[in-house]
Number of protein chains: 2
Amino acid sequence: MTNKLNSNNLTKSEEDYLKALFQLLVEGKSAKVGNNQLAEYLKVSPASTNNMIKKLKTKQYVVSEKYGKLDLTKEGEYIAVRLIRKHRLWETFLYNYLNFTWDEVHDVAEQLEHIKSQKLINELERFMEFPTKDPHGEMIPNADGEYLAIPKVMLSSLSEGDICRLIAVDDGSVNFLKYVSEIGLALSSEIKILEVREFDKSIRIQFGEAIETITRKFADNVFVKKVV
Amino acid sequence: MTNKLNSNNLTKSEEDYLKALFQLLVEGKSAKVGNNQLAEYLKVSPASTNNMIKKLKTKQYVVSEKYGKLDLTKEGEYIAVRLIRKHRLWETFLYNYLNFTWDEVHDVAEQLEHIKSQKLINELERFMEFPTKDPHGEMIPNADGEYLAIPKVMLSSLSEGDICRLIAVDDGSVNFLKYVSEIGLALSSEIKILEVREFDKSIRIQFGEAIETITRKFADNVFVKKVV
DNA sequence: TTAATTTGTTAGTCATGCCTAACTTTTTTA
DNA sequence: TAAAAAAGTTAGGCATGACTAACAAATTAA
Ligand SMILES: [Mn+2]
Ligand SMILES: [Mn+2]
Ligand SMILES: [Mn+2]
Ligand SMILES: [Mn+2]
C-alpha cells in the first residue's frame, strides 16, 4: 500500500465508522457485516449507520448494494488501518511511559487516535523505538499501513489437554481487562486446558500455580498460540 | 484555586471560546473585551460568538450585561487556564521529545489540548519532569491552575539605548516564528535597541553580531525583560 | 447634539450526526 | 410456501455550531 501525503479530511465520526467496519470485517469473527450489526457495535441506531454508510459510499470508502452487506474499499481500509496504528501507538505510549494500566489506555487512545498530524504519530513511533505490539498484544501497523495480522485463535476454540500461550486480549472492556489481571493472567502466560464443560462451555484452566474456571464469553476474548 | 475532580463536560467549541476570552482578557493587551473583538480573534462571525456567549452565560462561565463587555467567572477562568496548561505541556512534549520545531508545535497542541484525561496531562508533566516554560517562553500553569504570569513587556515599548533579553514570543503565527528563527533571534537573546524610527515605528536592533530592522508589528509579538 | 459609524443582537438557514417511528425488503421458520 | 421475524430504509425531529442579512443600541465625530 503506497504512502500518500493524505491530508485527511474526514470527521471523527467518519473515521470511527470506518474503523468499526474494519474491525468487524477484518479483525472480527464475521465474514459479512450488515447495517444493524454495525449499529449495534457502534452503539448507535440503525438509522444513524444507514445514513453514515450512505455518505461513506459517495466518498468511495464503502461499497454495498441496497439491502446488501457492507464492504470497505482499499481507501476505506487504509484509513481504518492508519487509525488502528495511531490507537495502538498511543496505547503503547500511555502504558510504557505514562504509568497507565492496560485497562486505562483504551479510552484515552480512542480520543488520541483522531489527532491529525502525520509527523506526530511517526515521531511518537520513533521515540518509542518502533514497538510492534500494543499493551494488549495486538500488532501495530507500520507507517505504510502494513498490517501483519496474526491469526486470532480464541482460547475458547481449544480442547482438553491443549497447552497454549496468551498472546493478546480484546481491549474493548475495562471490566474484562481488570478481571484478566486480577486472576493473574498476563501476556505470555502459559495456559493448560484442564476441562471443557459441556453444560455451559465453561473451561477449567491452569496457569502457573493457579487453577481457574472461566466462562465461554471470557475465553472468546482471549487469544492464544497453541503450544501442544 | 482548589483542585476539583472536575469531569469536564464542555465541548471543544465551548473550551475554545473560554480560552480565547482568557487570552484576550488576561494575557492580552485590552482591558475590556467585546463580542465583535472575540469574533475577530476566533475568526467566526459576531452572530456565532453572540450565540455561544449566551450559552456560556447560562452555564455560569461568562458574565456580561446586554450590549456590555464580557468577563469570565472564576469557573470559566479555571477552565481556560487548564486548557492553556494542557496546550503548553503538549507543545513542550512535541518540541523536546518529538523533534517538532517551535513553529510546528502550536497547531498540533490546539488539537491535543482538548483530550479529556486528567491523568494523561499530569503524567505527561511528570514524565517531562515538571517543565515551567513552553518552547515559546510562556509559563506553564501547574495542576492547581496556578498561573505565574510574568508581566509581558513588548519589545516595541522600549526606547533607544535600552538593552533587554528575549523571554517569550507570541506563538499564534507560524510565519512569525519562522521569521524570528531565520534572523537568528532565540529565547534568551540579548537585544539592544539602536534606533526607533518615528516615521513608521520600525526599530533597528542589535543582537550578537547581527543588526536588523524590525517592524512595529514584529516587535509587538516579542516579549522581553529589560536589562538596562 | 445630531448624524455617522461601530458594536451588538436577532431571525432565519445550513451541515453534521444523532434520534424515534413507520415502513419495506429479505431471510427464516413453521 | 406463506407467515413471522429480522434486517434495512426512509421520513421527520432535535442539538450543536457555523453562516448571512437585517436591525437596534451605543459610541464617536462633525
Ligand atoms: Mn484499544
Ligand atoms: Mn489495544
Ligand atoms: Mn501555542
Ligand atoms: Mn506556546
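Since we're looking at a predicted model, the values are computed, not measured. Below, all heavy atoms of this structure are taken into account, side chains as well, without hydrogens, waters or symmetry copies.
- Contact check for P141(A) versus R82(A): no side-chain heavy atoms found under the 4.5 Å cut-off.
- Nearest to the side-chain atoms of N35(B) among the listed nucleotides dG17(D), dG8(C), dT10(C) stands dG8(C).
- Side-chain contact between K59(B) and E75(B) is absent, with no heavy-atom pair separated by less than 4.5 Å.
- Between the CG atom of L38(B) and the P atom of dA18(D) there is a distance of 11 Å, rounded to whole Å.
- Of all nucleotides listed (dT9(D), dG17(D), dT9(C)), dT9(D) comes nearest to the side chain of N50(A).
- Ring pair F127(B)/Y97(A) is perpendicular by interplanar angle, where above 60° counts as perpendicular and below 30° as parallel.
- Among all heavy-atom pairs drawn from I150(A) and M139(A), the shortest one is CD1-SD, 3.8 Å.
- Taking only side-chain nitrogens and oxygens, Y17(B) never comes nearer than 4.0 Å to OP1 or OP2 of dT16(D).
- Heavy atoms of S48(B) sit under 4.0 angstrom from at least one base atom.
- By the 6.0 Å and 45° rule, R216(B) does not stack over the aromatic ring of F218(B).
- With DNA chain C read from its 5' end, the first of the two nearest nucleotides for A47(B) and T11(A) is the one closest to A47(B).
- dT16(C) atom C1' lies 15 Å from atom NZ of K12(B), rounded to whole Å.
- Residues of residues 63-71 of chain B that place a heavy atom closer than 4.0 Å to DNA chain D, in numerical order, are Y67(B).
- Contact annotation: K54(A) reaches the phosphate of dT10(D) (side-chain N/O to OP1 or OP2, under 4.0 Å).
- OP1 or OP2 of dA18(D) sits under 4.0 Å from a side-chain N or O of S13(B).
- A sub-4.0 Å separation between OP1 or OP2 of dG17(C) and a side-chain N or O of N51(A) is absent.
- At distances below 3.5 Å, at least one donor-acceptor pair connects side-chain atoms of K116(A) with backbone N or O atoms of L10(A).
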